[in-house]
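First up is the structure itself, then whatever we jot down about it.
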2 protein chains.
Amino acid sequence: MMFEATILEAENSTPLYIQLANHLRDHIHAGGIRSGSAIPSERDLCDQVGASRVTVRKAISRLIAEGLLFRKQGSGTFVSSQIEAPGSFLTGFTEETDARGESADTIWMMKSVAKPSEEEQVMLELSQGELVVRLGRVRLASGEPLAIEHAVIPQSILPDLDQLGASLYATLELLGSRPVTGTQKIRASLSTATEAALLSIDEGTEILRIERLTRRADDKPVEFTRSAYRGDRYVFVNKLRGPYANI
Amino acid sequence: MMFEATILEAENSTPLYIQLANHLRDHIHAGGIRSGSAIPSERDLCDQVGASRVTVRKAISRLIAEGLLFRKQGSGTFVSSQIEAPGSFLTGFTEETDARGESADTIWMMKSVAKPSEEEQVMLELSQGELVVRLGRVRLASGEPLAIEHAVIPQSILPDLDQLGASLYATLELLGSRPVTGTQKIRASLSTATEAALLSIDEGTEILRIERLTRRADDKPVEFTRSAYRGDRYVFVNKLRGPYANI
DNA sequence: AAGTGGTCTAGACCACATA
DNA sequence: ATGTGGTCTAGACCACTTC
């Protein structure tokens with residue numbers, strides 16, 4: 001592989017290391033480097049793109065954080081063998097379903113501004129009197145009901161319900177409230193009569209319940225979502241990565 | 001807060017940025033800085049400990065990856081408000097149970113070297129004829145059965161069963177095969193008769209099934225574990241972090 | 001011995017926040 | 001205006017892998 005010095009534009013407001021990471025990612029995805037093969041050494045990349053080694057390492061670290069590359073000291077930096085999707089994170093239902101090759105649909109049950117419950121007030125760290133947006137949805141995969149989702153968002157974060165597009169996460173990103181951390185609680189349970197009706201299953205069938213609280217970089221809670229997934233059709237897949245994969 | 005230049009030892013083989021991260025973490029946990037308060041600026045830390053800014057930033061990035069700190073551009077670096085446990089990762093049953101303040105116990109059902117099943121051969125990417133170590137355990141929390149775990153490890157990674165201490169993960173770390181990435185599949189299900197007997201529950205009760213494959217930094221599979229948790233007592237808690245929290 | 005990633009320095013300029 | 005984090009450079013030495 002050989003990059004040209006011209007691929008990085010100093011005038012571009014995007015940091016050099018992100019530009020370089022994007023170029024490398026594109027090149028690898030385009031088949032420029034096979035899985036298991038080494039990318040050029042850090043010093044070679046410095047020469048090729050005209051950047052310092054710190055910058056090159058930062059670009060590589062980003063792709064390592066995504067799971068696309070891994071380093072071997074004294075040997076080189078290599079393309080991971082993973083078949084998996086690239087480093088999306090904190091994905092919503094739509095992205096996840098698309099990634100599995102299924103079509104995602106939504107039946108809206110609720111979309112309103114309301115007073116928070118006591119629990120929601122605590123979870124979302126709301127100030128007295130602050131309102132919330134409630135989103136109730138039945139989620140379909142390949143045309144069949146798969147999950148019930150009930151999301152609660154502080155109104156201060158999503159002041160206008162009309163701003164809400166197809167994807168909640170895409171909307172939040174646009175509004176500068178992209179969630180970057182969170183906590184999920186997952187447990188096995190049995191379906192209630194209401195859930196059974198909405199999901200077209202029998203009452204008392206196994207259900208996977210997921211409770212998710214996500215936060216912005218400044219730790220402000222963004223979204224509290226409770227979901228109930230059909231236990232017979234849904235498997236929660238979870239990629240693990242140690243905190244020090246990159247640093 | 002004021003650090004002394006003497007806290008960092010150049011002769012120590014531990015990198016400076018890790019020494020500094022450890023000192024900062026200890027200082028914060030000892031109550032030296034309250035949640036929400038700012039730590040000293042990066043340049044101040046440089047002066048105080050006699051390190052370059054790159055090194056100081058790397059130390060801080062590590063603590064951000066752990067979730068202990070967060071940065072606000074133009075403003076400062078602050079201690080996160082979380083009450084949660086520090087940044088352990090890919091935790092095993094023992095660590096997790098301890099963290100909840102419960103006592104963890106184990107009843108061994110199996111500890112042997114055996115031929116892998118076809119599925120295990122594929123999952124663990126074994127070469128022809130390679131054997132595996134099987135560990136079958138009932139896990140107790142506060143004296144009551146909580147889960148059944150069945151772990152499979154390539155014999156090449158754990159050649160001597162006597163090396164196995166109380167914690168599988170601690171042993172793997174010692175052997176240089178610390179898992180750093182992995183994939184988990186979680187689903188809701190109902191207990192079989194055998195599981196019900198082992199867990200002291202009724203047959204057909206809700207069960208949370210977890211399947212986990214972990215890998216080393218060089219992508220070699222380390223451990224394939226299937227677990228069955230009592231649905232009425234166990235909640236799987238999962239912290240989320242975007243890939244770019246640090247870089 | 002040569003090449004690779006791992007660590008580290010001492011500067012510099014920019015964008016943003018706070019006052 | 002000052003201080004903060006965000007980016008970037010051009011070197012250096014070390015530890016490890018490979019030949």
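First the proteins, then the strands, lettered A, B, ... as listed; each starts at 1.
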Check this for me, if you would: do A:R215 and A:E125 make a salt bridge, where the nitrogen-to-carboxylate-oxygen distance has to be below 4.0 angstrom? yes
Without decimals, in angstroms, what is the distance between A:I64 CD1 and C:dG5 C1'? 10 Å
Within this structure, what is the NZ-to-C1' distance between A:K72 and C:dG3, rounded to whole angstrom? 15 Å
Using whole Å, what does the distance between atom P of nucleotide C:dG6 and atom CD of B:Q19 come to? 19 Å
Residue-phosphate contact under 4.0 Å: A:S52 side-chain N/O, D:dA10 OP1/OP2: no
CD1 of B:I39 versus P of D:dT4: gap in Å, rounded? 11 Å
Testing the 3.5 Å rule here: is there a donor-acceptor pair between the side chains of A:E211 and A:T225? no
Closest to the A:Q73 side chain, choosing from D:dA15, C:dC16, D:dT9: D:dA15
Think B:R57 has a side-chain N or O under 4.0 angstrom from the OP1 or OP2 of D:dG6? yes
Check this for me, if you would: do B:E42 and B:R57 make a salt bridge, where the nitrogen-to-carboxylate-oxygen distance has to be below 4.0 angstrom? yes
According to a strict under-4.0 Å criterion, is B:Y17 in side-chain N/O contact with OP1 or OP2 of C:dT7? yes
May I ask you to verify if any side-chain N or O of A:R43 is less than 4.0 angstrom from the OP1 or OP2 atom of C:dG3? no
Whole angstrom is fine here: how far is it from CG in B:L16 over to P in D:dA15? 13 Å
Go nucleotide by nucleotide along DNA chain C from the 5' end; which of A:S41 and B:S75 gets its closest nucleotide reached first? A:S41
Answer yes or no: is there a side-chain heavy-atom contact under 4.5 Å between A:E130 and A:P154? yes
For A:E42 and C:dA2, what is the distance between atoms CD and P respectively, to the nearest whole Å? 21 Å
Nearest-angstrom distance from the residue atom CZ of B:R53 to C1' of C:dA12: 10 Å
Any donor-acceptor N or O pair under 3.5 Å, side chains A:T97, A:R139: no
Does a side-chain N or O from B:K58 land closer than 4.0 Å to OP1 or OP2 of C:dT7, or not? yes
Rounded off to whole Å, could you give me the CZ-to-C1' distance for the B:R62 and C:dG6 pair? 13 Å
Within less than 4.0 Å of OP1 or OP2 of D:dT4, is there a side-chain N or O belonging to B:T77? no
